[in-house]
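A short write-up of the structure that comes next.
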Amino acid sequence: MKINTDEVLVSHAEIEQMLERLSSELNSDYKGEPLVVVGILTGAFIFTADLVRRLEMPVIVDFMQVSSYVGEFSTGELKIKKDLSYDIKDRNVLIVEDIIDTGRTLALLKEKLLERQPKSLKICTAFDKPSRRVNDLVPDYNGITIPDEFIVGYGLDLDGEYRDFDDVRIVRKE
Ligand code: 5GP
Ligand code: MG
């Protein structure tokens with residue numbers, strides 16, 4: 001089987017526009033209040049880096065690595081591979097994710113982080129695939145809504161590859 005990544009779904013220019021829009025929304029909503037930005041590894045490393053450089057409030061950048069799995073009798077469990085380095089109690093927290101698909105990972109992560117009593121907790125995603133959602137999770141800030149396709153580039157991978165593309169491409173298996 002051959003992997004084809006020729007089809008560009010989101011150009012680099014569209015990503016730049018998306019970053020401008022999201023950062024100006026964030027800058028006007030938080031109005032200079034300090035923010036803890038939680039990038040979700042590994043996919044969101046590029047988006048997080050691009051976004052924080054456009055933010056005007058004081059930010060602490062932290063990362064988490066998590067995954068979710070669905071057991072036979074459960075709606076899903078969260079596995080934390082890397083936890084936060086900072087205490088988020090009474091802080092404004094923004095989760096920065098690469099893409100929301102079923103919504104399972106973020107629903108579980110949100111629940112987990114709320115237990116730590118942040119002042120506020122919001123979600124910002126670069127890409128959203130709402131057609132695949134299994135719950136009512138809606139991002140507070142959404143970059144670009146995409147169709148039900150598997151995408152790579154701009155941090156998103158296929159078995160670790162293609163994260164370095166500066167645009168987003170559709171994976172076709174031939
Ligand atoms: P979910 O929302 O289903 O819990 O999981 C979202 C995670 O699945 C994302 O953080 C990402 O790691 C992965 N994922 C979902 N859709 C795609 C996609 O189209 N491309 C890539 N590379 N990863 C995806
Ligand atoms: Mg991910």
Side-chain angles (χ1 to χ4, degrees), residues 1-12 14-16 18-19 22 26 36-52 61-85 88 93-116 121-174:
M1 197 178 48
K2 239 186 114 239
I3 303 288
N4 179 317
T5 58
D6 290 344
E7 191 179 335
V8 175
L9 182 68
V10 186
S11 68
H12 184 64
E14 287 170 304
I15 291 173
E16 294 275 313
M18 175 260 273
L19 288 164
L22 288 177
L26 289 162
V36 179
V37 172
V38 176
I40 306 303
L41 295 172
T42 302
F45 80 111
I46 292 177
F47 180 44
T48 305
D50 280 350
L51 195 64
V52 294
V61 182
D62 206 345
F63 288 96
M64 275 185 99
Q65 190 160 24
V66 296
S67 55
S68 66
Y69 59 95
V70 184
E72 202 179 343
F73 302 107
S74 72
T75 50
E77 283 189 60
L78 189 74
K79 199 173 143 194
I80 300 180
K81 250 198 193 164
K82 187 223 168 285
D83 206 336
L84 294 176
S85 304
I88 57 168
V93 177
L94 183 71
I95 300 173
V96 175
E97 178 60 303
D98 52 358
I99 184 165
I100 308 178
D101 187 30
T102 64
R104 282 196 184 98
T105 313
L106 279 188
L108 293 165
L109 179 62
K110 207 174 160 185
E111 200 181 315
K112 189 64 143 190
L113 293 186
L114 282 174
E115 290 169 10
R116 302 181 190 178
L121 180 64
K122 291 194 173 176
I123 293 172
C124 176
T125 190
F127 307 106
D128 190 13
K129 261 195 235 180
S131 61
R132 300 247 314 154
R133 204 75 96 248
V134 298
N135 53 29
D136 58 4
L137 190 104
V138 178
D140 301 282
Y141 302 91
N142 175 28
I144 296 169
T145 300
I146 59 160
D148 184 11
E149 299 277 7
F150 193 85
I151 57 168
V152 292
Y154 197 62
L156 289 105
D157 74 312
L158 174 65
D159 296 332
E161 271 191 89
Y162 313 118
R163 294 194 196 276
D164 54 314
F165 291 172
D166 69 357
D167 51 16
V168 167
R169 290 154 182 263
I170 296 177
V171 172
R172 303 249 185 251
K173 297 184 175 177
E174 298 171 339

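Counting starts at 1 for both ligands and their atoms, following the listed order.
Interface atoms of ligand 1 facing T105, defined by a heavy-atom separation under 4.0 Å, are 1 (P), 4 (O), 5 (O). Taking a cut-off of under 4.0 Å to the non-hydrogen atoms of K129, the atoms of ligand 1 that pass are 16 (N), 17 (C), 18 (C), 19 (O). Atoms of ligand 1 found under 4.0 Å from any heavy atom of D157 (numbered from 1 in listed order, with element): 21 (C), 22 (N). In summary, the atoms of ligand 1 found under 4.0 Å from a heavy atom of E97, numbered by their order in the structure, are 10 (O). In the vicinity of E149, heavy-atom distances shorter than 4.0 Å reach the ligand 1 atoms 19 (O).
Closest heavy-atom approach to atom 3 (O) of ligand 1 within the set T102, I100, V171, T125: this belongs to T102. One option in I170, D98, V134, V66 has a heavy atom closer to atom 12 (O) of ligand 1 than any other, and that option is D98.
The residue from V38, T48, V37, I40 that alone fulfils the side chain to side chain contact (heavy atoms under 4.5 Å, CB included) condition with F63 is T48. Of the options I144, V168, I151, T105, a side chain to side chain contact (heavy atoms under 4.5 Å, CB included) to I99 is made by I151 and by none of the others.
R172 CZ to E149 CD: the interatomic distance, rounded to the nearest 0.5 Å, is 4.5 Å. Atom CD1 of residue I170 and atom CG of residue D6 lie 11.5 Å apart, to the nearest 0.5 angstrom. Annotation: the span from L22 atom CG to D50 atom CG amounts to 11.5 Å, rounded to 0.5 Å.
Between T5 and F165, the closest side-chain pair of non-hydrogen atoms falls below 4.5 Å. V96 places none of its side-chain heavy atoms less than 4.5 Å from the side chain of V52.
Using a 4.0 angstrom heavy-atom cutoff, G103 counts as in contact with ligand 1.
Backbone and side-chain nitrogen or oxygen atoms of L158 are examined, and none is located within less than 3.5 angstrom of a nitrogen or oxygen of ligand 1. The shortest N/O to N/O separation between I151 and ligand 1 falls below 3.5 Å.
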